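Worksheet: the structure to be examined is printed underneath.
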Amino acid sequence: MKILVINGVNLDMLGTREPEIYGGRTLDDINSDLSVIAKNMGADIDFVQSNIEGEIVEFIHSGRLYDGIILNAGAYTHYSIAIRDAISSIKTPCVEVHLSNVHKREEFRHTSVISAVCTGVIAGFGEDSYKLALYALLKK
Ligand code: DQA
């Protein structure tokens with residue numbers, strides 16, 4: 001199994017960005033834990049991040065070569081039809097993840113334009129959201 005983890009806009013700021021919401025660990029910390037779990041479960045895992053919508057679209061297209069995608073699109077989740085269409089354009093299962101429980105937060109975060117084209121959604125478990133997504137994909 002080959003898994004691609006895609007992090008979108010502002011997730012490179014984890015560690016210093018609103019730690020009361022997103023926790024104090026950096027994206028590198030989170031990715032290195034996921035790497036260990038994936039290795040223990042016999043899977044290959046790659047990580048990419050971009051703040052640029054078009055680059056995230058390209059990453060999703062490259063997900064054609066993987067068995068599963070874990071995607072935290074950040075704020076693009078709430079309005080990017082381009083990212084939604086990119087997910088629809090490939091067959092690879094994609095799990096939408098969020099560190100925070102977006103439904104407990106501002107109203108504009110309650111809408112996801114990508115959930116309907118994702119295999120599932122995991123939100124609100126901090127960095128464990130990524131781990132749960134990884135387990136879900138590797139169990140398939
Ligand atoms: C987020 C939630 C989004 O609403 C926000 O814009 C983010 C992070 C999360 O992981 O909780 O950038 O996707």
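The structure displayed is predicted, hence computed values, not measured ones. One-based numbering, in listed order, for ligands and for the atoms of each.
- With a 6.0 Å radius and a threshold of 12 heavy atoms from other residues, nucleotides or ligands, Glu107 has its CD atom at or below the threshold.
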Report all N/O contacts between ligand 1 and the protein shorter than 3.5 Å as a table of atom names and distances to 0.1 Å; if there are none, say 'none'.
unit_1, atom_1, unit_2, atom_2, d
ligand 1, 4 (O), His78, NE2, 2.7
ligand 1, 4 (O), Arg109, NH1, 2.9
ligand 1, 6 (O), Ala75, N, 3.2
ligand 1, 6 (O), Arg109, NH1, 3.1
ligand 1, 10 (O), Asn72, ND2, 2.9
ligand 1, 10 (O), Leu99, N, 2.8
ligand 1, 11 (O), Leu99, N, 3.3
ligand 1, 11 (O), Ser100, N, 2.9
ligand 1, 11 (O), Ser100, OG, 2.6
ligand 1, 12 (O), Arg17, NH1, 3.1
ligand 1, 12 (O), Arg17, NH2, 3.0
ligand 1, 13 (O), Asn72, OD1, 2.8
ligand 1, 13 (O), His98, ND1, 2.8

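- Every residue two or more places apart in sequence or in another chain that forms a side-chain hydrogen bond (donor to acceptor under 3.5 Å, both in side chains) with Thr26 is listed here: Asp29.
- Under a 4.5 Å side-chain heavy-atom criterion applied to ILVMFWY residues, the cluster that includes Met13 comprises that residue alone.
- Among residues two or more places apart in sequence or in another chain, the salt bridge (Lys or Arg N to Asp or Glu O under 4.0 Å) test is passed with Asp128 by Lys131.
- Across all their heavy atoms, Val9 and Asn51 have their closest contact at CA-OD1, 3.4 Å.
- Looking at Asn10 and Tyr76, their side chains never bring a donor and an acceptor atom within 3.5 Å of each other.
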